[in-house]
Amino acid sequence: MKYDHKLVEKKWQDIWDEAHCFEAENGGEKQKFYALVEFPYPSGQGLHVGHPRSYTALDIVARKKRMQGYNVLYPMGWDAFGLPTENFAIKNHIHPAEVTKKNVARFKSQLKSLGLSFDWSREINTTDPNYYKWTQWIFLQLFKKGLAYKKEMSVNWCTSCKCVLANEEVVNGVCERCGSEVVHKTKSQWMLAITKYAQRLIDDLDDVDFIERVKVQQRNWIGRSTGAEVDFKTTEGDTLTVYTTRPDTLFGATYMVISPEHPAVEKWADKLKNIDAVRAYREEAARKSDFERTELNKDKTGVQLDGVSAINPVNGREIPIFVSDYVLMGYGTGAIMAVPAHDDRDWEFAKKFGCEIIEVVSGGEDVQKAAFTAKDETGILVNSDFLNGKTVKDAIPAMIAWLEEKGIGRAKVQYKLRDWVFSRQRYWGEPIPLVYCEKCGWVPIPEDQLPLTLPDVESYEPTENGESPLAKMTDWVNTTCPCCGGPAKRETDTMPQWAGSSWYFLRYMDPHNDKALASKEALAYWSPVDWYNGGMEHTTLHLLYSRFWHKFLYDIGVVPTKEPYAKRTSHGMILGENGEKMSKSRGNVVNPDEIVDTYGADTMRLYEMFIGDFEKAAPWSPKSIKGCRRFLERVWGLAEKVQEGDAYSKQHEVLMHRTIKKVGEDADNLKANTAIAALMTMLNEFYDKGVNKAEYMTFLTLLNPFAPHITEELWQQMGGEGLLSIAPWPTYDEAKTVEDTVEMAVQVNGKLKCTIKLPVDCDKQTAIDTALAEEKVKNAVAGKEMVKQIVVPGKIVNLVVR
RNA sequence: GCGGAUGUGGCGGAAUGGCAGACGCGCUAGCUUCAGGUGCUAGUGUUCGCAAGGACGUGGGGGUUCAAGUCCCCCCAUCCGCACCA
């Protein structure tokens with residue numbers, strides 16, 4: 001019989017469905033194992049060949065764990081709120097919910113066609129009111145604890161669409177949709193205080209098994225730095241506080257700079273003789289597009305405040321204050337002390353504006369020619385009174401101590417991480433469950449009234465003034481205050497795409513619960529996720545956001561663990577055949593449906609795993625995929641050559657035990673490529689030397705997690721009992737993974753001369769004697785003095801001669 | 001600029017400091033075939049040599065070691081983040 005993948009795959013997918021064999025139980029005797037992959041955004045384009053790379057990798061882990069007797073939870077769902085759906089809805093006048101439904105149906109059938117062992121009874125959808133009820137509930141808890149707050153904020157504003165854009169929607173400073181200029185506009189936004197968790201988000205990385213690059217990227221993103229705040233008095237009697245990581249250089253501070261948006265500008269407006277020029281500079285900075293702001297090697301610009309100067313607290317010197325956009329309002333205090341001798345940016349500015357450059361750390365070149373920024377022991381303080389002679393390392397704490405004693409400064413830890421802008425002026429997102437009452441302010445909707453569902457609207461277009469489409473729904477907007485009963489207005493902004501995905505893994509644990517986001521028992525049983533795989537692009541977004549929400553839920557006693565994920569890995573991208581990123585415009589997109597249709601899901605799975613190192617990007621190769629199909633054809637063809645035998649034959653014993661070990665270990669370490677290579681080697685041996693039933697059945701079992709359909713079919717044809725997918729995983733005997741006789745390499749002076757066969761436990765002298773008996777070795781050592789003889793049992797003999 | 005990663009045949013890629021190139025693709029020759037495709041067999045790092053055999057070889061240069069793709073130092077290239085973060 002010929003291998004017909006369509007017949008085989010459909011047959012077994014139906015059988016698995018009916019047997020419910022991949023459904024997890026909450027509780028029971030077995031040990032739990034929770035494997036998770038990032039749930040997809042069901043886009044209109046359908047599944048990308050990149051999706052199955054991650055899904056198959058953890059499917060292999062999940063299937064193997066299941067065969068090893070674990071209670072495995074491997075769920076799937078839909079992260080379905082988002083812009084593309086909304087835009088499609090606007091363009092085609094279809095309700096986003098309809099679009100979502102269609103896309104989900106397509107994605108689901110595509111995923112099913114791949115034979116992934118998801119527990120579909122736990123399928124979730126972030127746009128389902130029964131789901132987003134709990135997203136809203138979590139938001140309300142954040143609000144009640146003061147971690148959600150409203151703030152005037154500079155946002156990206158598309159001048160043509162007249163709407164607010166997320167950072168991700170701004171590409172090279174222009175609108176992703178229409179290509180128009182994007183400028184900054186101040187709007188009132190809901191914010192989440194993720195910065196309150198900054199330190200814990202760093203610290204707890206020590207307790208989880210995340211791949212190192214994820215940890216590094218998160219730490220860098222949070223961007224912890226230590227230094228000091230210093231209060232400067234102005235000539236007008238005000239105080240200007242700066243943050244610096246180099247308090248040791250305070251004696252070298254020859255001017256100050258404040259950000260154009262710094263409140264002091266308006267506060268001191270009366271005292272500034274050139275307030276018009278300062279305001280003009282501020283307006284100009286605000287008008288700058290992101291494109292201009294990200295331009296490399298920008299020239300320093302600025303305006304000196306005329307009428308107010310500052311006093312350097314260590315030496316009483318009067319120093320000028322400038323406004324410049326190289327100082328950012330969003331970091332530190334929005335003001336700096338400038339030390340041009342020891343900071344590149346300050347140096348550049350000082351050169352342009354003619355500020356004084358005073359060396360306070362010696363050890364570098366002439367500070368008039370370049371700033372000396374080294375912080376190591378090479379720098380010794382000079383021109384700094386009580387700090388003179390100290391190293392930078394010692395001078396920093398000494399200065400902080402001095403500042404604290406005088407009450408004009410203090411040690412300070414800063415983070416680059418900003419609070420999370422949580423508002424979107426969009427329709428297709430979770431409504432923010434708050435109302436605004438003139439008397440009571442922002443009031444949460446009572447929890448028993450959740451979910452606050454999205455109203456039906458006629459059009460999803462953003463309004464002229466950049467408000468959410470919901471703002472036009474006056475019937476919906478106007479409501480009564482739950483607190484005082486007076487008139488109130490609903491918040492019309494919705495939550496960002498990242499909201500629903502920040503806690504979805506908890507919902508899988510107990511997806512149909514209508515009393516809580518999940519029961520205490522379910523949370524206690526399944527937490528934490530044992531293994532989470534996802535893309536690097538989510539490291540500083542979804543992954544960080546969900547860790548933050550989880551920590552918050554832990555603090556309020558909802559979840560039992562500090563961290564949501566015990567282990568995090570990441571897959572490399574699958575590139576187009578030409579080595580470039582797959583995209584419609586590049587015309588290098590591979591359609592997974594076509595691959596499944598032509599070669600079958602098993603070939604597709606095998607190929608995606610065999611394509612290369614899981615963590616690295618790999619180009620698609622239509623030729624290589626044929627090799628995987630060929631392998632499965634040979635697996636199929638071997639069935640008729642199988643001989644009787646219910647134990648491993650002597651000739652294959654070592655191969656069997658060794659391969660069981662290798663495949664098991666590789667599957668646990670995301671090394672599917674080498675596991676498959678080992679299975680190919682095994683198959684080649686079988687073709688070469690014959691195979692018996694016991695050996696073939698073990699082979700099918702080992703291959704099952706990788707190619708589940710064909711192996712189920714062959715298992716059945718060979719008379720295997722029950723479903724192979726839940727059959728026990730084979731075991732091996734370590735002692736039987738090594739041959740009795742091994743081939744050892746013989747080197748003379750490190751150069752390979754020949755190989756010799758010896759018993760595995762043979763002693764060193766025998767190995768040396770055997771090696772010396774070889775003709776080539778004899779010739780190589782003839783007439784030379786033996787200096788050293790090295791024997792590594794089972795590996796190598798190296799004879800050193802002179 | 002800062003941070004991270006990567007560099008191995010024609011290609012994707014293997015190698016606890018111990019025979020570099022497993023496995024697959026491709027290619028070459030032979031068999032099968034009217035032919036194409038499939039399948040099977042053998043070969044396939046470079047180079048010198050008729051051959052036996054030798055020399056060279058993991059981005060480049062040094063070093064440690066009996067032995068280095070692997071460890072250490074310096075340099076180069078590519079990719080990915082972040083980017084005036086004081």
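Residue numbering restarts at 1 for every chain, and letters A, B, ... go by the order of the sequence lines. Scope of the values below: all heavy atoms of this structure, side chains included, with no hydrogens, waters or symmetry mates.
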Student: Is it the case that the side chain of A:Ser259 and the backbone of A:Gly334 share a donor-acceptor pair, with hydrogens and angles ignored and the cut-off at 3.5 Å?
Tutor: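 Between the backbone of A:Gly334 and the side chain of A:Ser259 there is no qualifying donor-acceptor contact (under 3.5 Å).
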
Student: Please report, to 0.1 Å, the donor-acceptor pairs under 3.5 Å made by any side chain of residues 764-773 of chain A, with sequence neighbours excluded.
Tutor:
unit_1   : atom_1 : unit_2   : atom_2 : d
A:Gln765 : NE2    : A:Asp769 : OD1    : 3.1
A:Thr766 : OG1    : A:Asp763 : OD1    : 2.6
A:Thr766 : OG1    : A:Asp763 : OD2    : 3.0
A:Thr770 : OG1    : A:Thr766 : O      : 2.5

Student: Look at A:Tyr326 and B:A86 and indicate whether a side-chain polar atom (N or O) is within less than 4.0 Å of OP1 or OP2.
Tutor: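 For A:Tyr326, the contact criterion (side-chain N or O under 4.0 Å from OP1 or OP2 of B:A86) is not met.
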
Student: Would you classify A:Glu743 as touching base, sugar-phosphate or nothing, given that sugar-phosphate means primed atoms plus P, OP1 and OP2, and contacts are heavy atoms under 4.0 Å?
Tutor: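 Touches a base.
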
Student: Indicate, with a heavy-atom threshold strictly under 4.0 Å, whether A:Ser324 touches base, sugar-phosphate, or nothing.
Tutor: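 Answer is nothing: A:Ser324 stays at 4.0 Å or more from every strand.
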
Student: Under the salt bridge (charged side-chain N to carboxylate O under 4.0 Å, His left out) rule, collect the residues that match up with A:Asp248, sequence neighbours excluded.
Tutor: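 Residues passing salt bridge (charged side-chain N to carboxylate O under 4.0 Å, His left out) with A:Asp248: A:Arg246.
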
Student: Does a side-chain N or O from A:Arg634 land closer than 4.0 Å to OP1 or OP2 of B:C40, or not?
Tutor: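 For B:C40, OP1 or OP2 has a side-chain N or O of A:Arg634 closer than 4.0 Å.
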
Student: Which residues satisfy the salt bridge (charged side-chain N to carboxylate O under 4.0 Å, His left out) test with A:Asp4, sequence neighbours excluded?
Tutor: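 Scan of A:Asp4 (salt bridge (charged side-chain N to carboxylate O under 4.0 Å, His left out), adjacent residues dropped) gives none.
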
Student: Would you say the side-chain atoms of A:Glu739 and A:Thr741 include a donor-acceptor pair closer than 3.5 Å?
Tutor: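 The answer is no; no qualifying pair exists.
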
Student: Contact list please: residues 768-776 of chain A against RNA chain B, heavy atoms, distance less than 4.0 Å, in numerical order.
Tutor: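 Hits under 4.0 Å, by residue number: A:Lys776.
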
Student: Using the test ring pair (Phe, Tyr, Trp, His ring centres under 6.0 Å), find all partners of A:Trp620 that sit at least two apart in sequence or belong to another chain.
Tutor: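 Partners of A:Trp620 by the ring pair (Phe, Tyr, Trp, His ring centres under 6.0 Å) criterion, ordered by chain and then number, come out as A:Tyr607.
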
Student: Sugar-phosphate means primed atoms, P, OP1 and OP2; the rest is base. With that split, encode nucleotides 61-71 of chain B 5' to 3' as B, S or - using protein heavy atoms under 4.0 Å.
Tutor: -----BS----

Student: What pairs meet the side chain to side chain donor-acceptor pair (under 3.5 Å) rule with one or both residues in residues 782-802 of chain A, with sequence neighbours excluded?
Tutor: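 Applying side chain to side chain donor-acceptor pair (under 3.5 Å) to every pair that reaches into residues 782-802 of chain A, excluding sequence neighbours, yields nothing.
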
Student: B:A14, OP1 or OP2 - any side-chain N/O from A:Asn673 closer than 4.0 Å?
Tutor: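 A:Asn673 to B:A14 OP1/OP2: side-chain N or O found under 4.0 Å.
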
Student: Across the strands shown, which category fits A:Val792 at heavy-atom distances under 4.0 angstrom: base, sugar-phosphate, nothing?
Tutor: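 Base: the residue A:Val792, judged by heavy atoms under 4.0 Å, touches a nucleobase.
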
Student: Which part of the nucleic acid, if any, lies within reach of A:Asp346 when heavy atoms closer than 4.0 Å are counted: base, sugar-phosphate only, or nothing?
Tutor: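 Answer is nothing: A:Asp346 stays at 4.0 Å or more from every strand.
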
Student: Please encode protein proximity along nucleotides 6-12 of chain B as a string of B, S and -, counting only heavy-atom distances under 4.0 Å.
Tutor: ------B

Student: Roughly how far apart, to the nearest Å, are B:G57 and B:G69 at atom C1'?
Tutor: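 Result for the C1' pair: 11 Å, nearest Å.
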
Student: Could you list all the side chain to side chain donor-acceptor pair (under 3.5 Å) pairs where at least one residue sits in residues 675-685 of chain A, not counting sequence neighbours?
Tutor: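 Found A:Arg634-A:Asn684, A:Glu685-A:Lys689.
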
Student: Just do the side-chain contact (heavy atoms from CB on, under 4.5 Å) check on A:Val635 and A:Leu703 with the steps written out, would you?
Tutor: CA-CA 10 Å; A:Val635 171; A:Leu703 181 59; 4.1 Å; yes

Student: Go nucleotide by nucleotide along RNA chain B from the 5' end; which of A:Leu752 and A:Ser621 gets its closest nucleotide reached first?
Tutor: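 Upstream on the strand: A:Leu752.
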
Student: Scan side-chain atoms only and decide if A:Tyr732 and A:Thr659 contain a donor-acceptor pair under the 3.5 Å cut-off.
Tutor: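 Result is no, nothing qualifies.
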
Student: Look at A:Lys671 and B:C23 and indicate whether a side-chain polar atom (N or O) is within less than 4.0 Å of OP1 or OP2.
Tutor: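 Result: no.
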
Student: Given the side-chain rings of A:Phe353 and A:Tyr255, with only the six-membered ring counted for Trp, is the space between their centroids under 6.0 Å?
Tutor: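 Ring centroids of A:Phe353 and A:Tyr255 are no less than 6.0 Å from each other.
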
Student: Just jot down the side chain to side chain donor-acceptor pair (under 3.5 Å) partners of A:Ser621, sequence neighbours excluded, or say none.
Tutor: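 For A:Ser621, the residues satisfying side chain to side chain donor-acceptor pair (under 3.5 Å) (neighbours in sequence not counted) are A:Ser624.
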
Student: Could you go over nucleotides 26-31 of chain B and give all protein N or O partners under 3.5 Å, atom names and distances?
Tutor:
unit_1 : atom_1 : unit_2   : atom_2 : d
B:G26  : OP2    : A:Arg630 : NH2    : 3.3

Student: With sequence neighbours excluded, what pairs up with A:Glu615 under the salt bridge (charged side-chain N to carboxylate O under 4.0 Å, His left out) test?
Tutor: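 Salt bridge (charged side-chain N to carboxylate O under 4.0 Å, His left out) list for A:Glu615, sorted by chain: A:Arg213.
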
